[in-house]
Amino acid sequence: MKILVVGSGGREHAIAWKLSQSSMVDEVVCVPGNGGTAVENKCRNLEITDCTYLSGISGNNRYAEIAKHENCELAVIGPENPLAEGISDALWQNGIPTVGPKKQGAMLEASKDLSKEFMQKYGVACAESRTFTDKNEAFNYIEEKGAPIVIKADGLAAGKGVVVAKTKDEALNAVKDLMEEGKVGEAGKKLVIEEYLRGVEISVLAAVSVTPELEKEGKDCIIPFVSARDHKRLNDGARGPNTGGMGAVAPVPDVTEEQMKMFEERILQPTLKGLIDEKMDYRGFIFFGVMLTKDGPKCLEYNVRLGDPETQAVLPLMDFDFAALCKAITDGSLSSFQMNWKKAFSVSPVAVSGGYPGSYKKGMEIKINNEIVEEAKAKVFIAGAIINRRASCDEDSKQLITSGGRVLACNALGKTFDEAWQNAYKAMKGIAFKGMFYRQDIGLPGAAESN
């Protein structure tokens, strides 16, 4: 079968790569894809602007038309914005089974306020919080509660809408920036202010199949993947500004079975109950941002898709057919799907452009020494890079150039965490571009952000 994958980041490269390994899959059509999916086995990039048959068609219906024109039997949605805009609704309405929740479910990420209301209603362990649309009321609440405290823009803000304020002044300034100065636009007109949780953070990705219209009694389920950890800070030792992610590891070496059991009891199962009771059509993935506190795991946030760069660390550990999993999610048979995981550790440091997360240059040529990468048994997942169409090179040596801040992730596995770490960083030495920067400590003690 042919599968449509929507998105252009490292997560989407990993998704397309894993789908391409399935004997069920003939081709993966990536819209728009990136420089990695452009050369990946069984994958083909497609720009919407190149589809002349879309004349007069707008919005999410364009993706439905592409899926039908390409004879795709399944769609997998990578990023959050299309989901919040209802891309899954449009695809399903046109007969395309889609991995990604419909708009109602996508609001669990698109609105922090709605998300917190959902958590509180269904007893999901989480931080105490209040929502504000009035700046002065938010100021008064901060004066009452003190600091540290967390300020969150209600809407989608591309990772720029959360401020962990260590002082009251920092918190008050965050409210001004978001509500008054419009730092993240409309997303910051409403704020969720919540208690500061002390602990260390992990990510848990999961497959979800809640299908009210199928009326499969007892078949609705959430199945968690192995634990993962993203490293947000730019520099070694969890220092410097926040980024979209400087690397990830899976499974997390310091997470215990007891903590995962508590996560399932206090966060996972109440979330499933909420999805069922709210009659959401939620067929896709969910990402739990979790803080491991002295009182047990607490949910920080929901993302309604696979995480980035966690996906680049988790998918290589799958010892099962990812395309078959996606099909089970959409047809309501997930509860009987068997997930097996490689007995290994996965490490994925990320290489970024010089200057990131601030201003940076684009168009830098990326040189990859395939011999070094292959010797380390590593896989390079491209994110912010494209094929240089102006370069005069043959089909077998397409030139990659940087096009974004987070350029690529280099994943490697190992029987032990140390072996995986050594392999990943050995492979990193075979990659170069002008201004390239990456952390040297992904997954090591002291590398994880802790509150």
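Positions are given from 1, in the same order as the sequence printed here.
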Determine, stepwise, if the pair Asn34 / Ser8 fulfils side-chain hydrogen bond (donor to acceptor under 3.5 Å, both in side chains). CA-CA 5 Å; Asn34 61 33; Ser8 62; over 6 Å; no
Given Leu400 and Ile386, is the side chain to side chain contact (heavy atoms under 4.5 Å, CB included) satisfied, shown in steps? CA-CA 6 Å; Leu400 270 176; Ile386 58 175; over 6 Å; no
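- At distances below 3.5 Å, not a single donor-acceptor pair connects side-chain atoms of Trp421 with backbone N or O atoms of Ala412.
- Formation of a donor-acceptor pair under 3.5 Å by the Ser403 side chain with backbone atoms of Ala385 is found in this model.
- His231 places a side-chain N or O within 3.5 Å of a backbone atom of Gly443 that can act as its donor or acceptor partner.
- Residue Lys327 places its NZ atom among 12 or fewer non-hydrogen atoms of other residues, nucleotides or ligands, all under 6.0 Å distant.
- With values rounded to the nearest 0.5 angstrom, Glu170 atom CD is found 11.5 Å from Ile149 atom CD1.
- At least one donor-acceptor pair closer than 3.5 Å links the side chain of Asp89 to the backbone N or O of Lys103.
- Asn303 has its side chain out of reach of Glu80: every pair of non-hydrogen atoms, C-beta onward, lies at least 4.5 Å apart.
- No side-chain heavy atom of Asp134 sits less than 4.5 Å from a side-chain heavy atom of Phe139.
- Minimum heavy-atom separation, Leu108 to Ser115: O-CB, 3.2 Å.
- In summary, the side chains of Asp113 and Thr131 do present a donor paired with an acceptor at a separation below 3.5 Å, with no hydrogens or angles considered.
- In this structure, the side chain of Asp220 does not engage the main chain of Ile276 through any donor-acceptor pair within 3.5 Å.
- Looking at Gln312 and Ser348, their side chains never bring a donor and an acceptor atom within 3.5 Å of each other.
- Minimum interatomic distance between Val350 and Met428 (heavy atoms only, all atoms of both residues): C-CE, 3.8 Å.
- When each of Glu264, Glu265, Arg266 is tested with Leu268 by the rule side chain to side chain contact (heavy atoms under 4.5 Å, CB included), just one qualifies, namely Glu264.
- Contact of the Thr243 side chain with the Val352 side chain is not registered, since no non-hydrogen atoms from C-beta on lie closer than 4.5 Å.
- With hydrogens and angles left out, the side-chain atoms of Tyr282 and Gln104 include no donor and acceptor closer than 3.5 Å.
- With sequence neighbours excluded, the residues forming a ring-ring contact (aromatic ring centres under 6.0 Å, His included) with Phe225 are Trp341, listed by chain and number.
- Residues Ser227 and Met260 have side chains in contact (heavy-atom distance under 4.5 Å, counting atoms from C-beta outward).
- In this structure a side-chain-to-backbone donor-acceptor pair under 3.5 Å is missing from Thr311 to Arg11.
- Interatomic distance, CD of Glu419 versus CG of Leu413, reported as 9.0 Å (0.5 Å rounding).
- Among residues at least two apart or in separate chains, side-chain hydrogen bond (donor to acceptor under 3.5 Å, both in side chains) pairs with a member in residues 422-433 are Glu375-Lys426.
- Between Glu194 and the choices Lys298, Lys145, Lys112, Lys116, the salt bridge (charged side-chain N to carboxylate O under 4.0 Å, His left out) rule is met once, by Lys116.
- Among all heavy-atom pairs drawn from Cys43 and Thr37, the shortest one is CB-O, 3.4 Å.
- Judged by distance alone, the side chain of Glu144 and the main-chain N or O of Asn140 form no donor-acceptor pair under 3.5 Å.
- A donor-acceptor pair is defined here as one N or O able to donate and one able to accept, closer than 3.5 Å; such a pair exists between the side chain of Asp236 and the backbone of Gln440.
- Closest approach of Asn60 to Gly86, counting heavy atoms only: ND2-C, 3.4 Å.
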Derivation of the side chain to side chain contact (heavy atoms under 4.5 Å, CB included) call for Cys326 and Leu19: CA-CA 9 Å; Cys326 290; Leu19 288 171; 4.2 Å; yes
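- Residues Phe285 and Ile329 come closest through the heavy atom pair CE2-CD1, 3.8 Å.
- The pair Arg229-Glu201 fails the salt-bridge criterion, with no side-chain N (NZ, NE, NH1 or NH2) lying under 4.0 Å from an Asp/Glu carboxylate O.
- Remark: of the listed residues Val162, Val192, Val163, Val162 is the sole one forming a side chain to side chain contact (heavy atoms under 4.5 Å, CB included) with Val150.
- Here Lys279 does not pair with Asp277 in a salt bridge; the nearest charged N to carboxylate O distance is not below 4.0 Å.
- Here CD of Gln259 is found 4.5 Å from CG of Leu292. Values are rounded to the nearest 0.5 Å.
- With hydrogens and angles disregarded, a donor-acceptor distance shorter than 3.5 Å links the side chain of Ser88 to the backbone of Pro101.
- Counting heavy-atom neighbours within 6.0 Å of Lys232 NZ, excluding the residue itself, gives a total above 12.
- Note that the CZ atom of Phe322 and the CH2 atom of Trp17 stand 10.5 Å from one another [nearest 0.5 Å].
- The shortest side-chain heavy-atom distance between Val29 and Ile3 does not fall under the 4.5 Å cut-off.
- Crowding of Lys361 atom NZ: a count of heavy atoms from other residues, nucleotides or ligands under 6.0 Å not exceeding 12.
- Atom CE of residue Met318 and atom CG of residue Asn340 lie 11.5 Å apart, to the nearest 0.5 angstrom.
- For Lys189, the NZ atom sits in a packed shell: over 12 heavy atoms of surrounding residues, nucleotides or ligands are nearer than 6.0 Å.
- One finds a salt bridge joining Arg406 and Asp308 here, because a Lys/Arg side-chain nitrogen approaches an Asp/Glu carboxylate oxygen to under 4.0 Å.
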One pair to check against side chain to side chain contact (heavy atoms under 4.5 Å, CB included): Leu191 and Asp154. What are the steps and the verdict? CA-CA 5 Å; Leu191 299 181; Asp154 173 61; over 6 Å; no
Let me have the donor-acceptor pairs involving side chains of residues 171-180, under 3.5 Å, with sequence neighbours excluded, atom names and distances please.
{"unit_1": "Asn173", "atom_1": "ND2", "unit_2": "Asp169", "atom_2": "O", "d": "3.2"}
{"unit_1": "Glu180", "atom_1": "OE2", "unit_2": "Lys135", "atom_2": "NZ", "d": "2.4"}

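- Comment: Glu109 engages Arg305 in a salt bridge, judged by a side-chain N to carboxylate O separation of less than 4.0 angstrom.
- Thr293 places none of its side-chain heavy atoms less than 4.5 Å from the side chain of Arg198.
- Considering only heavy atoms from C-beta on, Leu306 stays 4.5 Å or farther from Val314 through its side chain.
- In this pair, Phe288 and Tyr302 present their aromatic rings perpendicular. The plane angle is above 60°, beyond the 30 to 60° band.
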Starting from the C-alpha separation in whole Å, work towards a yes-or-no answer on side chain to side chain contact (heavy atoms under 4.5 Å, CB included) for Thr98 and Ile77. CA-CA 8 Å; Thr98 302; Ile77 314 303; 3.7 Å; yes
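- The closest side-chain heavy-atom distance from Asn242 to Pro357 is not below 4.5 Å.
- Nearest heavy-atom pair across Ala420 and Val347 is CB-CG2, 3.8 Å.
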Output, in order, the C-alpha distance, side-chain angles, deciding distance and verdict of ring-ring contact (aromatic ring centres under 6.0 Å, His included) for Tyr141 and Phe132. CA-CA 9 Å; Tyr141 185 75; Phe132 298 90; 5.2 Å; yes
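- The main-chain N or O of Lys379 is never found under 3.5 Å from a side-chain atom of Asn411 such that the two would form a donor-acceptor pair.
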